[in-house]
Amino acid sequence: MSGYTAPHCGSLRASDDGREVELYGWVARRRDHGGVTFIDLRDRWGAVQVVLRHADAQLRLEYVVRVRGKVSLRPKGSENPKIATGQVEVVAEELEVISESEPPPFPIEDAEEADEKTRLEYRYLDLRRPRMTRMLQLRNRVNRVIRDYMEEREFIEVETPILTRSSPSGARDFLVPSRLHPGEFYALPQAPQMLKQLLMVSGIQRYYQIARCFRDENLRADRQPEFTQLDLEMSFCDEEDVFALVEGLFARLWKETIGVDIAVPFPRLDIKESFLRYGTDKPDLRYALEIADLGEALGDTRAVIFRSVLDGGGVVRGLAVPGGRDMSRRELDELVTLAKGAGGQGLAWVPGGTLDKHLAADEVAAIKRLTGAGEADLVLIAADRRRKAETVMGLVRQEIARRRKLIREGEWRFLWINPTYLFEEDDQGHLTYAHHPFTRPFAEDMPFVEERPYDVRAHAYDIVCNGYELGGGSLRIYDPAMQERVFQLLGMPLDLIRERFGTLLTAFTYGVPPHGGIAPGIDRIVMMLGGTDNIRDVIAFPKTQSMADLMLGAPSEVDQSQLDELQVKVVARKKPDS
RNA sequence: GGUCCCGUGGUGUAGCCUGGCCAAACACGCGGCCCUGUCAAGGCCGAGAACGCCGGUUCGAAUCCGGUCGGGACCGCCA
């Protein structure tokens, strides 16, 4: 069999006219005219028309065949401009069926998408579809461009363990029981965070890794339990170095995969402003809609719904919908459902809503002014606790853009969310770290950390494009006094610090370079480049929303003997809280 | 933990709101026959689903109700 050196079905062109070739591939389509039969023979590179004049073999779709024959220009007028090989055809002289195929459970073509459940069960067939093959090739290309780019800048790829120890970020760990240490567990890495910092102490200076990461959290359209990051870290750098490095990488990726020039440097946006204006920390800037804070306009309002929220420390936010006066009651109700589905109280609107009779004229005027609403516009309003109001308005903003076709397709609006802030409030209203406890604060903000801890900025940054968070990172603390101060502010007891971060802190006593890094998510990058909003499209063997692998049947029960060996006992089977 | 959408032959859809005309329609695929230039080939013939599962309402359910399982989107979660 000489398929390895044989020409590819999808690569034949007019210049191959007259060539004797041997082709291997799958029967993608068959057009039987009795005396003459055409088949489209498909391989990874595409498909070419094969002409069979004495078809004695019974060919069915997806049969694997070998064809020997001569490439020739198609007869005048029968060229097919729709396909890359459309100028030529291969006149078969010899045909061999290598492997037969049952009719596939769904058509192996791009035109019609089968139910995703079936696609995942027969993923190996789904990946035969040209669209999916293209996604895998795109992903490969992205990985190669990344490696080229990083190597050129003298980064070296270092592999870190998959069987590791729980890391200091906040997600749930996947655990692996240890046979040799009964009752103890490895954790799969949520990210190689601590290890890459240790590599900086090792003097690697420029590290990167195309690293698999694992987080046992609930899934979304752009989230899988295992995913891949370009994990990188560098010594003796500041934020500008990281920004320039990453901007250069993205420019190169976009250029070399889809031929697009993107504008660098990327603009920067303070995270608080992002939440205020866009209701999210990953704004899509391909449309202009901006949210306004209406607290100022309603300071003395007698409208009860606003009064109670504002008095309770909540906020009122509004968004002008361009031409929104034409929205139907039904459409507005759907938006209210959206808001409630997100846990909000609902939505109000002016004019035309029940609010009209409760608001003073000057309040309506102020609302219009703050949101920039014109005569034909409708202002949608959410009143709630700050975080909730922002989430709701962010979703509404997105939905309005979608429905009213305000998204400028084809644009790539990259930006940095920077600066961010060191601390956040947790559920109990206590101070906690927004990123991880090694994130470097702005030194000049530290003097007021006691009075206004939430205003202390951090040298941390997220890269965002078209509404997707593509990665995040920070500069790290390398000064022991600063580190101690942060731990102290977090109120972390010494033994907890020692237990969780002891290795790193000890390492830092042996000469630590200032360092920082970032970790762009490769799956999402490929999603963007591949023009899909489904992360499963860019992963060869993904899991469902309930974390099942429908093809392999994972997770599964295991033999009792395996559990015995691990000294693991299943106590009860009940649905977990999620 | 919550909200929402979906589940009909191998595949994609229609029917479901307004129960009976639905042992369910159409297209592709599948089986057979015809056809020497098509490319979503075409023509003729044929097989194939009691409508995810369980229960209820009803004289009667794919259609209504409840539960359950599975897939998907989102909030919480991931930070």
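Lettering follows sequence order; numbering is per chain, from 1. This one's a predicted model, so the numbers in the text were calculated from it and none came from an experiment.
- Considering A:Phe414, A:Tyr461, A:Phe266 in turn, A:Tyr461 is the only one that fulfils the ring pair (Phe, Tyr, Trp, His ring centres under 6.0 Å) rule with A:Phe243.
- The same atom, P, is picked in B:A61 and in B:G55; the two are 14 Å apart, to the nearest Å.
- A:Thr337 comes within 4.0 angstrom of no nucleic acid atom, judged by non-hydrogen atoms across all strands.
- Minimum atom distance to the side chain of A:Arg74 is reached by B:U38, of the listed B:G76, B:U38, B:C74.
- The one candidate from A:Lys543, A:Arg536, A:Arg123 that meets the salt bridge (Lys or Arg N to Asp or Glu O under 4.0 Å) condition with A:Glu116 is A:Arg536.
- For B:C39, its base never sits under 3.5 Å from the side chain of A:Arg29 at any donor and acceptor pair.
- Put simply, A:His33 rests on the base of B:A41: the two rings are less than 5.5 Å apart at their centres and nearly parallel, under 30°.
- Here the side chains of A:Tyr186 and A:Ile162 are not in contact, with every heavy-atom distance at 4.5 Å or above.
- Atom CD in A:Glu390 sits roughly 15 Å away from atom C1' in B:A79 (whole-Å rounding).
- With a cut-off of 3.5 Å on both Watson-Crick or G-U wobble distances, the partner of B:C30 is given as B:G46.
- B:C64: Watson-Crick or G-U partner is B:G56, with both key distances under 3.5 Å.
- For A:Lys82 and B:A40, the shortest distance from a side-chain N or O to OP1 or OP2 is below 4.0 Å.
- Comparing A:Asp32 and A:Leu61 against RNA chain B, the residue whose closest nucleotide sits nearer the 5' end is A:Leu61.
- Between B:G2 and B:U18, the two P atoms lie 29 Å apart (nearest whole Å).
- Nucleic acid contact for A:Arg536: sugar-phosphate only, since backbone atoms but no base atoms lie under 4.0 Å from a heavy atom of the residue.
- Here A:Asp281 lies in heavy-atom contact (under 4.0 Å) with a base.
- Note on A:Glu79: a base of the nucleic acid sits closer than 4.0 angstrom, heavy atoms only.
- Distances shorter than 4.0 Å separate some side-chain N or O of A:Ser546 from OP1 or OP2 on B:G71.
- Look at the P atom in both B:C5 and B:U58: the space between them is 27 Å, to the nearest Å.
- With B:C39, B:C75, B:G12 as the candidates, the nucleotide lying closest to the side chain of A:Asp115 is B:G12.
- At least one side-chain heavy atom of A:Leu380 sits under 4.5 Å from a side-chain heavy atom of A:Ile400.
- When distances run from any side-chain atom of A:Val36 to the nucleotides B:U36, B:C39, B:G12, the shortest one goes to B:U36.
- Separating the C1' atom of B:G19 from that of B:G56 is a span of 15 Å, rounded to the nearest Å.
- With both ends at atom P, the span from B:A79 to B:U3 equals 26 Å, rounded to whole Å.
- Put simply, the side chain of A:Asn218 and the base of B:C78 share no donor and acceptor less than 3.5 Å apart.
- Across B:C45 and B:U63, the matching C1' atoms stand 34 Å from one another, rounded to whole Å.
- Contacts of A:Lys388 with the nucleic acid, taken as non-hydrogen atoms under 4.0 Å apart, involve only primed sugar atoms and P, OP1 or OP2.
- Across B:A73, B:G71, B:C75, the shortest atom-to-atom separation from the side chain of A:Ala221 is found for B:A73.
- Contacts of A:Thr544 with the nucleic acid, taken as non-hydrogen atoms under 4.0 Å apart, involve only primed sugar atoms and P, OP1 or OP2.
- B:C39: no Watson-Crick or G-U partner with both key distances under 3.5 Å is found in any strand.
- In this structure, A:Arg29 forms no cation-pi arrangement with A:Phe38, as its terminal cationic atom is not both closer than 6.0 Å to the ring centre and no more than 45° off the ring axis.
- The side chain of A:Thr391 lies closest to B:C75, out of B:C75, B:G71, B:C77.
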Next item on the list: For the pair A:Gln49 and A:Asn80, evaluate side-chain hydrogen bond (donor to acceptor under 3.5 Å, both in side chains) and give the outcome as yes or no after the intermediate values.
Entry: CA-CA 10 Å; A:Gln49 171 164 287; A:Asn80 184 351; over 6 Å; no

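- Annotation: B:C74 and B:U11 have their P atoms spaced 26 Å apart (nearest Å).
- Residue contacts shown for A:Glu89 include a base, since a base heavy atom lies under 4.0 Å away.
- A pairwise comparison of heavy atoms in A:Cys9 and A:Tyr24 identifies SG-O, 3.6 Å as the closest pair.
- If you check B:U3 for Watson-Crick or wobble pairing at under 3.5 angstrom, you find it paired to B:A73.
- Using a 4.0 Å heavy-atom distance criterion, A:Pro75 is classed as a base contact.
- A stacked arrangement is assigned to A:Phe38 and the six-membered base ring of B:U38, with a centre-to-centre distance below 5.5 Å and an interplanar angle below 30°.
- A donor-acceptor contact under 3.5 Å links the side chain of A:Glu469 to the base of B:A79.
- In this structure, CG of A:Leu490 is placed 14 Å from C1' of B:A79, rounded to the nearest angstrom.
- Contact between the side-chain N/O atoms of A:Gln190 and the OP1/OP2 oxygens of B:C78 is not found at any separation under 4.0 Å.
- On a pure distance criterion of 3.5 Å, no polar donor-acceptor pair joins the side chain of A:Arg60 and the base of B:G31.
- Among the heavy atoms of the strands, none lies under 4.0 Å from A:Thr432.
- Remark: the backbone N or O of A:Pro75 is paired with a side-chain donor or acceptor of A:Ser78 at under 3.5 angstrom.
- Below the 3.5 angstrom threshold, one finds no donor paired with an acceptor across the side chain of A:Arg30 and the base of B:C39.
- Between B:C75, B:G71, B:C39, one nucleotide has an atom nearer to the side chain of A:Lys117 than all others, and that is B:G71.
- Spacing between B:A62 and B:C54 at atom P, rounded to whole Å, works out to 13 Å.
- For A:Arg31 against B:C35, a side-chain-to-base donor-acceptor contact under 3.5 Å is absent.
- Of the candidate nucleotides B:C75, B:C39, B:C78, B:C75 has the atom lying nearest to any side-chain atom of A:Leu395.
- Ranked by how close their nearest RNA chain B nucleotide is to the 5' end, A:Glu424 and A:Gln545 are led by A:Gln545.
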